[in-house]
Every structure is written in structure tokens, then in C-alpha cells.
Number of protein chains: 2
Amino acid sequence: MPVPKGSTIDPERTRAAILKAATPVLYERGLDGIGVAELCALIGVSKETLYRHFGTKDGLVEAMLRARSDRVSRWLAEAVAAAGDDPRAQLAAVFDTLGEWFEDPVFRGCAMVNAAAQHHDETVRAVTTRHLGRYIDLLTGIAERAGAADPPLLGRQLLMLVEGATVVAAHHGAAGTGEQARQAALALLSAATQSASGENPGASGENPGASRDNPGDDDSSGDDDSGDSGSDRGRSDSSGD
Amino acid sequence: MPVPKGSTIDPERTRAAILKAATPVLYERGLDGIGVAELCALIGVSKETLYRHFGTKDGLVEAMLRARSDRVSRWLAEAVAAAGDDPRAQLAAVFDTLGEWFEDPVFRGCAMVNAAAQHHDETVRAVTTRHLGRYIDLLTGIAERAGAADPPLLGRQLLMLVEGATVVAAHHGAAGTGEQARQAALALLSAATQSASGENPGASGENPGASRDNPGDDDSSGDDDSGDSGSDRGRSDSSGD
DNA sequence: CCGAGATCGTACCGATCGGTTCGATCTCTG
DNA sequence: CAGAGATCGAACCGATCGGTACGATCTCGG
């Protein structure tokens with residue numbers, strides 16, 4: 001039955017509904033773990049409608065990733081805003097919020113990072129880089145308000161904790177990961193703030209120097225080093241990358 | 001020309017050669033980014049030979065991941081062993097070694113984590129979990145030798161830094177990431193050791209409690225929550241969960 | 001009230017992919 | 001030297017997938 005009797009036709013809402021329904025499926029099954037036909041059946045929409053709104057499957061994927069990045073970033077920013085004025089409390093709120101996410105039974109890691117691991121095209125990578133940039137902005141802001149010696153450096157280190165905790169929670173047990181990451185983040189914040197007044201930045205003599213973010217994409221088109229021409233295949237070098 | 005004139009036939013070496021040649025290709029192109037036919041053409045082997053040695057493509061992938069995990073783990077362990085007896089120097093060696101890897105133009109993140117993001121089957125996930133466990137063992141050993149208050153906790157937090165730095169280097173610029181992560185790791189180590197003598201473990205009042213590693217797989221078979229029956233599709237809730 | 005447009009369901013198409021088979025050719029073992 | 005086994009190259013197969021086409025049905029704007 002095309003266009004059910006009492007339904008209202010609203011293309012924009014249809015598009016939003018497709019996005020909303022497809023997001024968890026693509027996240028849990030993987031971008032290539034489900035075909036368009038099955039996806040359409042699951043979310044209750046015809047293939048023609050999906051293609052009319054998104055053009056291609058990659059178009060749907062990109063729109064989904066952008067919407068998810070928006071939503072997650074807003075979610076974290078609201079958690080920070082709700083934590084009051086204390087930068088330490090704001091940082092703790094970030095990891096408490098992440099910890100709740102980790103405990104979700106459908107948690108499978110960061111959707112953007114996962115997507116970049118699946119689709120090597122530049123479009124998805126750009127969304128992922130932008131997503132990490134949003135995290136860095138949030139974390140660097142906390143570092144600045146806390147009076148860190150080098151806010152961009154601390155922001156990037158905190159981003160490592162955020163993404164690292166996500167990976168660890170996804171692949172090595174989620175229990176406690178949020179609290180463990182929060183404790184580490186607060187320890188880093190303490191170290192960066194106590195060395196800010198008096199001593200020179202760079203704590204223990206190092207100068208990591210992350211003055212500004214450098215999202216330089218290290219794309220590679222290099223081919224492998226298979227210098228085997230075809231004569232004898234069995235060489236004795238079995239180690240060494 | 002099957003079996004070239006002067007070549008030696010040695011199945012085990014052929015298998016090793018396939019593994020060695022396929023590893024960089026599958027890493028750079030992605031597990032699903034290249035078909036068996038093209039892969040065989042690239043590494044110079046016939047499909048029949050590949051299937052005779054590995055049974056299926058997934059068999060090749062699993063063998064490749066296991067070999068890569070072995071190699072990378074050994075690589076890091078040797079870097080630690082070569083850093084002398086000082087735990088701080090050992091920890092610095094870990095991140096210096098990682099930093100070199102990040103700068104490699106073909107660097108694309110952790111192969112095991114990427115593989116787990118691509119193939120959702122339990123086999124690949126198990127290899128990834130085992131891989132992270134090896135990292136934890138290495139890092140927890142350093143934490144113990146350094147006299148950390150809670151070595152398993154610090155080991156897990158350092159793992160977060162390792163994996164987080166890998167993600168950040170892959171998707172937000174590799175320049176400086178190794179040094180930045182090393183500085184953060186040393187700061188965490190300092191905080192964990194200076195609080196070990198005298199105060200109670202758990203620095204700032206938290207009890208993250210990572211007494212032992214808990215690689216409990218949080219697998220999920222739950223279906224999504226698409227409670228849309230099909231009447232009107234356009235709902236107004238656009239900011240759910 | 002009528003035409004434009006949105007949607008459905010299904011059928012269809014070409015491409016690709018994982019995997020198999022087969023004959024030919026060469027090496028290794030007994 | 002003879003048979004077993006390894007390898008190649010190419011053809012082949014069934015399944016799946018992304019994407020298109022089409023007729024039918026319903027809503028909405030003028």
C-alpha cells in the first residue's frame with residue numbers, strides 16, 4: 001500500500017525519519033554489514049524513497065555521520081555546560097557521560113572512527129577529522145579555563161584519552177573504563193595546571209609543542225614493497241615488517 | 001607458467017610469503033577494500049594456492065591479524081627491553097616507537113582495531129581483544145616496576161593513551177602525536193607513583209578500581225528500537241537519545 | 001477537483017565478489 | 001624414473017549488492 005490512508009506526506013520529515021532509523025542499524029551492523037534492500041526493509045521505507053532523498057548509499061552514510069557527529073558533540077557540550085563553572089567538574093562530566101555510553105549494550109566504539117576504518121574514501125575521513133576537531137575544541141576550552149600551561153597540548157592529550165577509552169571500552173571490556181579514564185584525565189589536568197604557575201611549560205623537560213591543531217591528512221597512495229619477481233618464492237626472511 | 005623453471009616448491013614458505021605480501025595490502029586497502037582476485041594478482045599467487053593455504057578469505061584475514069599482532073607486540077616489547085631498567089625510560093620508549101610508526105606515510109591506525117570495526121564477527125574481535133591484552137600486560141609491567149599505586153589501573157590508562165594516540169594520529173594529524181602522548185604517559189606515571197607512598201590509592205577521591213583486567217565481551221544481539229508502526233512517518237522528535 | 005509529487009512494492013539489471021574446477025606444468029620424493 | 005603434490009592461469013558459478021524502472025496509490029497545493 002503506497003502512501004497509507006491517513007498518513008501525511010512531508011519529504012523533509014521522511015528524510016529525517018530515514019536518517020534516524022538508519023543510524024543505529026548502520027552503527028550496529030557496520031556500513032557494509034547491511035545492504036540497501038535489507039536496510040530499507042528494516043526502517044520501513046522503499047528503496048526509491050531512500051535514493052530520492054540521499055542519491056546513493058554513500059550519501060546516506062555521509063548524512064548519517066554528519067548528523068551523528070552533530071548530535072554527539074552537542075550531547076557532550078551540554079554535559080559540560082551542565083557541570084557548572086569548575087573546569088575539573090566539566091572534565092569529569094565529559095568522562096562520566098562517555099562512561100554511560102560505554103555501558104550501553106549496543107556500544108561499539110566511535111561511529112566516525114569506525115566508519116573511517118571501513119570506508120577509506122576522503123569524504124568519511126573528513127567527517128571523522130571534523131568530529132575529532134570538535135572534541136578538541138571542547139577539551140581545549142576546559143584546559144584553558146583550568147589555566148593549563150599549554151591548553152592546545154592538554155586538549156589533544158585529553159582527546160587521546162577520550163578516543164582511547166572508547167577503543168578500550170569497545171574491545172577490552174567497558175566496565176569501569178569511564179571512571180578510569182576520568183581519573184587519568186583529572187590527573188593530567190592537575191599536572192598541567194600545577195606546572196603552569198612558576199615553572200616553564202612542558203613538565204618533565206619535553207617540548208611536545210602542540211601549539212595549534214594540525215589536522216593534516218596523511219593520505220597515502222604508496223604501493224607495497226613486494227619485490228618478489230616470481231623466480232623462487234620461498235625466501236628465508238620471515239620476520240621484519 | 002605454473003611452477004617456474006628454477007623455483008623451489010615449499011608450501012610453508014609459500015604460505016608465509018602470501019601472509020607477508022597480503023598484510024600491507026589488506027592494511028592499506030581495508031579488509032573489504034580489495035577482492036581476492038586483485039589481491040592474488042598483487043601478491044603474485046593464484047587463487048587456488050591462496051585458498052589451499054587459508055581455506056577462505058576470512059581464514060587469511062585471521063592468520064594475517066594474528067601474525068601482525070605477534071609482530072607488533074614483539075616490536076614494542078623489544079623497544080622496552082632495549083630501553084634499560086628505568087621504567088620511565090621504558091614507557092618513553094613505547095611512545096617513541098609508536099611515534100615513529102605514526103609518521104609512516106602508510107600509517108592508518110591499529111590494524112586490529114580497524115579490522116574489528118570492519119568485520120563484526122567474533123573471531124576478529126577475539127584477536128583484537130587479545131592484542132589489547134598484550135599491550136596491557138606490557139604497560140602494567142612497566143607500572144609495577146615503577147612502583148605505581150595500582151599497576152593494573154595505570155596499565156589500562158596507559159593503554160587508553162596508546163590506542164587514543166593511534167586514533168588521533170590516524171585521523172587528526174600524526175605530527176607530534178607520539179611526543180604528546182609520551183609526555184601525557186609520563187605525567188600519569190608520575191602522578192601514580194608519587195601518590196603510591198603515603199596516600200591511599202585513587203588520587204582524587206575516586207576509586208576507579210581496575211583490580212584485574214576484565215576483557216568481558218559486551219556482545220549485543222539486541223534489535224533496534226524502531227517503534228514506528230507505519231502510520232505517519234513524520235514525527236517531530238529530532239533529538240532523541 | 002485535478003494535476004504534481006511522494007511513496008510503495010516489485011521486478012530487473014549489470015557488476016562484483018567469494019569460491020570452485022580443470023588442464024597444464026613443474027618440483028619433490030621414493 | 002614415476003607418481004604425488006604444488007602451482008598457475010583462466011574459466012566458471014551462484015549469490016549479493018547498488019542502483020533503476022514502473023505501475024499503482026495516496027496526499028497536497030492551486
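Protein chains get the first letters and strands the later ones, always in sequence-line order, with residue 1 at the start of each.
Atom-to-atom, CG of B:L26 to C1' of C:dG18 comes out at 14 Å; the value is rounded to the nearest Å. Here D:dC17 presents its P atom at 15 Å from CG of A:L50, a figure rounded to the nearest Å. Summarising the geometry, the separation between CZ on B:F54 and P on C:dT20 is reported as 15 Å, rounded to the nearest angstrom. Computed from coordinates, the A:R13 CZ to C:dG5 P distance equals 22 Å when rounded to whole Å. Counting to the nearest Å, the P atom of D:dA6 and the CD1 atom of B:I9 are 8 Å from each other. Look at CZ on B:R15: it is 14 Å from P on D:dA6, rounded to the nearest Å. Summarising the geometry, the separation between CD on B:E38 and P on C:dT16 is reported as 11 Å, rounded to the nearest angstrom. Between B:L39 atom CG and C:dG18 atom P there is a gap of 9 Å when expressed in whole angstrom units.
In terms of phosphate contacts, B:T49 brings a side-chain nitrogen or oxygen within less than 4.0 Å of OP1 or OP2 of D:dC8. For A:R52, a side-chain nitrogen or oxygen approaches OP1 or OP2 of C:dT7 to under 4.0 Å. In this structure, A:T14 does not reach the C:dA6 phosphate: none of its side-chain N or O atoms is under 4.0 Å from OP1 or OP2. Using a 4.0 Å cut-off, some side-chain N or O of A:H53 falls inside it from OP1 or OP2 of C:dT7.
Side chain of B:S69 to main chain of B:L65: no donor-acceptor pair is present (N/O by atom type, distance under 3.5 Å, no hydrogens or angles). Between the side chain of A:Y27 and the backbone N or O of A:G109, at least one donor-acceptor pair lies under 3.5 Å.
For the pair A:G35 and B:S46, nearest-nucleotide mapping onto DNA chain D gives the more 5' position to B:S46.
Side-chain atoms of B:T56 lie closest to C:dG19 of the nucleotides C:dC8, C:dG19, C:dA6. Listed candidates were D:dA6, C:dT25, D:dG19. Nearest to the side chain of A:Y51 is D:dG19. Listed candidates were D:dC8, C:dC8, C:dT20. Nearest to the side chain of A:E48 is C:dC8. Listed candidates were D:dC28, C:dC26, D:dG19. Nearest to the side chain of A:T8 is D:dC28.
You'll find the side chain of A:L76 stays beyond 4.5 Å of the side chain of A:V162, heavy atoms only.
Electrostatic pairing of B:E62 and B:R66 counts as a salt bridge here, judged by a charged N lying under 4.0 Å from a carboxylate O.
Contact annotation: side chain of A:K47 to base of C:dG9, donor-acceptor pair absent below 3.5 Å.
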Could you walk me through whether A:V168 and A:F102 pass side-chain contact (heavy atoms from CB on, under 4.5 Å), step by step?
CA-CA 10 Å; A:V168 171; A:F102 296 162; over 6 Å; no

